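Following: one structure in structure tokens, then a few remarks.
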Amino acid sequence: MKLAIGSDHAGFDLKQSLKEHFEQRGFAVQDFGTFDKTSCHYPQIAEKVARSVAGGENELGILVCGTGIGMSMAANKVHGIRAAAVSDCFTAKATRMHNDANILCLGERTVGPGLAAMIADLFVDTGFEGGRHQTRVDMMMALEK
Ligand code: RB5
């Protein structure tokens with residue numbers, strides 16, 4: 001599994017710990033920054049990760065900011081992206097099964113590192129159910145036109 005990851009300064013520590021977590025699991029993790037805690041702009045990182053997922057360079061993406069919300073709003077502006085801001089395990093599974101979400105957004109200020117790793121594992125390990133959900137995802141993606 002090829003995974004894109006990125007954060008702003010507010011999500012840096014969680015991004016680092018998730019990067020290590022997935023590398024230990026054997027994933028190929030491409031880190032789009034940020035690379036230190038200097039203040040930066042989350043839309044710039046969101047765009048890099050989103051374009052790599054939308055273009056097929058990576059299968060899924062993980063973005064971390066303070067809340068996960070700014071990252072999800074920015075990533076969803078890129079065509080082909082279905083980014084979900086998630087803070088619980090049920091939603092992590094459901095957004096893969098029903099929405100075919102391709103980017104997980106987490107908030108370092110809202111979710112601890114243990115829960116974040118559990119959420120991220122559920123996200124990457126859960127498949128899309130297709131069927132009636134495919135129809136709805138197709139309708140959602142048609143809104144981009
Ligand atoms: C940065 O202070 C913060 O605004 C950002 O990380 C994020 O939470 C935005 O949604």
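Read the numbers this way: they start at 1 and go in the same order the structure lists the ligands and their atoms. One is the number of the first residue; the rest follow in order along the sequence. Computed from a predicted model, the values in this text were never measured in an experiment.
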Shortest protein heavy-atom distance from atom 5 (C) of ligand 1, along with the residue and atom involved: Asp8 OD2, 3.3 Å
Asp13 and Lys37: CA distance, side-chain angles, deciding distance, salt bridge (charged side-chain N to carboxylate O under 4.0 Å, His left out) verdict: CA-CA 9 Å; Asp13 286 336; Lys37 290 190 186 177; 2.7 Å; yes
Per-atom contacts, ligand 1 versus Ala10 - under 4.0 Å to a heavy atom: 6 (O)
Identity and separation of the nearest protein heavy atom to atom 3 (C) of ligand 1: Arg109 NH1, 3.9 Å
Any Arg136 side-chain heavy atom under 4.5 Å of Met140 side chain: no
Distance from atom 9 (C) of ligand 1 to nearest protein heavy atom, with residue and atom: Tyr42 CE2, 3.5 Å
Test log, rule side-chain contact (heavy atoms from CB on, under 4.5 Å), inputs Leu3 and Ile5: CA-CA 6 Å; Leu3 201 59; Ile5 199 163; 5.7 Å; no
Parallel, tilted or perpendicular: rings of His133 and His98 (30°, 60°): parallel
Beyond-backbone contact of Phe128 with Gln134, side-chain heavy atoms, under 4.5 angstrom: yes
Val64 vs Met71 side-chain heavy atoms within contact, under 4.5 Å: no
For atom 10 (O) of ligand 1, the protein heavy atom that lies nearest, with its residue and separation: Gly70 N, 2.9 Å
N/O separation below 3.5 Å, Gly66 to ligand 1: yes
Closest to atom 7 (C) of ligand 1 among Cys65, Ser39, Ala46, Cys40 (heavy-atom distance): Cys65
